[in-house]
Amino acid sequence: MKKICVVGLGYIGLPTAALLANKGYDVHGVDVVQTTVDTINRGEIHIVEPELDTFVQAAVKSKKLKANTVPVEADIFIIAVPTPFHEGFVPNIDYVISATKAIAPYLKDENIVILESTSPVGTTNKVEEVLKEEGVDTSKIYIAHCPERVLPGQIMRELVENDRIVGGTTPKATEKTVEFYKTFVDGEVLATDAKTAEMAKLTENSFRDTNIAFANELSILCDKFGIDVWELISLTNRHPRVNVLNPGAGVGGHCIAVDPWFIVYAGGEDAKMIRTAREVNTYKTEWVIEKIKNTALMFENEHNRKARVACMGLAFKPNIDDLRESPSLYITRKLMADGLDILAVEPNINSFSEFDIVNYKDAISQADIIAFLVGHKEFTTLDIDKDKLVIDFCGILK
Ligand code: SAJ
């Protein structure tokens, strides 16, 4: 069985490493954070993802998965490090470059180097350039991009079931990499070139961002026109070729709110719609803040006292505990900073460093205004007093 070195043990690298180890591969995981390495070597996990703990525990117990801060020689290298952006939405591929430099001394002829990180177009070729600069004869190895496409919360299932796109820097690299993914993916493994694979991933997330922006814009317009947007969407979606997504408090997470900027940065003036979609989704979050503030002000004028506002949900999407790039957390923080009396609710976490987390049932009874920011399942069965002001930004009550 081939040996695999996975660089970056985060939301993609660790599940991938654990899955491959459970498939019988000998996996060496690399992370720059010592505590992450130690946690994994104890058979534990440092991120929250259903089923991942079972996979990691089994992989470590069978000695098929070991973690370290430095790479080792292997047959296949997978790079799964973050690709955030610098100030001003400039793509930041520094982690990809440093991971590439880190594996360079361990590369041998016939090795495969796979970039899984979501990357701006041209990054896989950049990996090749960096390896050349580091003294690697890249004509003797295979380099490809195979973008990750898994949905947080469903990673272990989607890693196996989803179709994958593989684009090599040469046709032979594509072929070799496709062969590898076919050993553990049940979905189809589709072959293309590196740039198309990079753009395909960015397109997927931009497509979703653009469609959510459409829904968010509709929700603002419907509010203006006095129309229930949820009823509107459920009616329009009865057309055989219409499928409007759900409006919400904005778009969060570390993918959909980030990746479209990679296209906008490279596309400049020609990336009009993709840029506008980003702007609409960012604006929706500010609009939610204004809406809550105005409702609180109206309450205060009417009752001669400050309103208590329950912010229902802090995670970036329903039924997870992930707070990264979360619009609802941003909204809650902003309202608190602006002096509103806030009850912060998040049923998926017990405590938070910045403020108290209030039980959702207590918050419902104590609040004057209840703002549903995330559609968590706990919120669907609540019994809310008629005298409460309810603002449903995520359609949970429909
Ligand atoms: N959202 C809405 N309305 C909707 C759907 C989503 O407001 O109708 C919001 C969510 O509340 C959340 C954000 O969008 O704040 C993103 O959530 P998501 O569930 O759409 O996607 P992510 O960010 O969890 O995962 C995405 C997925 N990409 C696509 O569905 C095209 C996943 O397959 C990718 O692997 C992942 O990004 C990634 O890593 O790039």
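Whatever order the structure lists ligands and atoms in, that order sets their numbers, starting from 1.
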Handout entry: Basic-acidic side-chain contact under 4.0 Å: Glu129, Lys132
Key =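 Result for this pair is no, no salt bridge flagged.
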Exercise for the section: Would you please name every residue forming a salt bridge (Lys or Arg N to Asp or Glu O under 4.0 Å) with Glu110, sequence neighbours left out? Expected result: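 So Glu110 forms no salt bridge (Lys or Arg N to Asp or Glu O under 4.0 Å) with any residue.
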Problem - Amino acids in close contact with ligand 1, where any non-hydrogen atom sits under 4.0 angstrom away - result: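 Within the 4.0 Å shell of ligand 1, which is judged on heavy atoms, sit Glu148, Arg149, Val150, Leu151, Pro152, Lys201, Glu204, Asn205, Arg208, Ile212, Leu245, Asn246, Gly250, Val251, Gly252, Cys255, Ile256, Asp259, Phe316, Lys317.
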Handout entry: Aromatic ring pairing Tyr25/Phe180, orientation class (parallel under 30°, perpendicular over 60°, tilted between)
Key =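 Taking Phe180 first and then Tyr25, their aromatic rings stand perpendicular (interplane angle over 60°).
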Practice task
Please name the pair of heavy atoms, one in Gly153 and one in Pro50, separated by the smallest distance, quoted to 0.1 Å.
Solution key: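 Answer, listing the atom of Gly153 first, then Pro50: O-CG, 3.6 Å.
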Problem - Other ILVMFWY residues reachable from Val32 by side-chain steps of under 4.5 Å - result: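 ILVMFWY cluster around Val32 also holds Val33.
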Please tabulate, for side-chain N and O atoms in residues 365-373, each donor-acceptor pair with protein atoms closer than 3.5 Å (sequence neighbours left out).
unit_1, atom_1, unit_2, atom_2, d
Ser365, OG, Asp362, O, 3.1
Asp368, OD1, Arg305, NH2, 3.0
Asp368, OD2, Arg305, NH1, 3.1
Asp368, OD2, Arg308, N, 2.7

